[in-house]
Amino acid sequence: MKIDVLTLFPEFFSTLKDWSIIGRAIKEDILNIDYINIRDFSKDKHKRVDDYSYGGGPGMVMTPEPIVDAIDSVKTERSRVIYLSPQGQRLDQDLVNRLSKEEHLILLCGHYEGIDNRIIDHYVHEEVSIGDYVLTGGEIPAMVVIDAVTRLLPGVLSSEQSFTEESHYHGILEYPQYTRPYDFRGLKVPDVLLSGNHKEIERWRRYQALKATYIKRPDLLKKANLTEEDKEILKAIEAELHNRS
Ligand code: ADE
């Protein structure tokens, strides 16, 4: 995959190339990232890239020309231009999966009060938000997208299992995990995990995953693809929690 990040702060991303899994994906040529400084495309003698908002109001708006020239410098027919913005579609694992199948992402990071809206209307394929809060710019959201997408690229994680079983991959949360010591300050690992009975362990994990989702993120259960067996398990979970209270 090729990613071009268009930003006023390319230096912000300098650590990514050395960073664990992303660093390895870059070294192994699974991922190729370039950072393009939008300011390099300013024709203003002071290299300005922002101006006052038509109609008045506080804050500066990024001007269209340097942004379009920056996009044009990297764009091909197969590029997908993503603008990171709190007004975008909220990023979730489904969106990450879809983005990970693209050949070329252009991640446009805004600053100041935003960018001239003609860019969004005519040059951006989609707007993506990382959550309902406002950050000072699109750089951190772009990093979030890069991280979430990279780990899904073929060859990045060692076994498919490591992401297929994780939180959100199947729309429910992950089962709890434990490692040594068996007894940590009196807190013991559930015995079923030491039983060697793989069927039992699998059943216990599904129960715990559904229970965690039921307690922490019940909203996910409405969208999840639950089997008939899952629905039975959920009834047992409801009964367990009801009896406890
Ligand atoms: N830029 C500023 N806030 C943002 C957010 N929540 N998501 C994506 N881009 C942003």
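Note that ligands are numbered from 1 as they come in the structure, with each ligand's atoms numbered from 1 the same way. Source: prediction; values computed, not measured. Position 1 is the first residue of the sequence, and the numbers go up from there.
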Counting from 1, what ligand 1 atoms have a heavy atom of [X] closer than 4.0 Å?
X: Leu84; answer: 8 (C), 9 (N)
X: Gly131; answer: 6 (N)
X: Tyr133; answer: 3 (N), 5 (C), 6 (N)
X: Pro141; answer: 7 (N), 8 (C), 9 (N), 10 (C)
X: Val128; answer: 8 (C)

Side-chain heavy atoms of [X] within contact of [Y], under 4.5 Å:
X: Leu99; Y: Met1; value: no
X: Tyr182; Y: Asp191; value: yes
X: Asp51; Y: Val61; value: no
X: Leu95; Y: Arg90; value: no

Discussion item. Looking only at side-chain N and O atoms, does Thr227 offer a donor or acceptor that is under 3.5 Å from a partner on Asp230?
Written reply: yes
Practice prompt. Quick one: look up the protein heavy atom nearest atom 9 (N) of ligand 1 and list residue, atom name and how far away it is.
Written response: Ser85 N, 3.1 Å
Response to the item:
closest protein heavy atom to atom 10 (C) of ligand 1 is Pro86 CD, 3.6 Å
Response to the item:
Distance col, row Arg203:CZ vs Glu229:CD, nearest 0.5 angstrom, shows 7.5 Å
Worksheet item: Can any side-chain N or O of Ser79 pair as donor or acceptor with the backbone N or O of His104 at less than 3.5 Å?
Response: no
Worksheet item: Gly137: heavy atom below 4.0 Å from ligand 1, yes or no?
Response: yes
Discussion item. So, 4.0 Å and heavy atoms of Thr136: is ligand 1 close enough to count as a contact?
Written reply: no
Item to complete: Using heavy-atom distances, let me know which of Leu135, Val145, Ile130, Leu91 sits nearest atom 7 (N) of ligand 1.
Response: Ile130
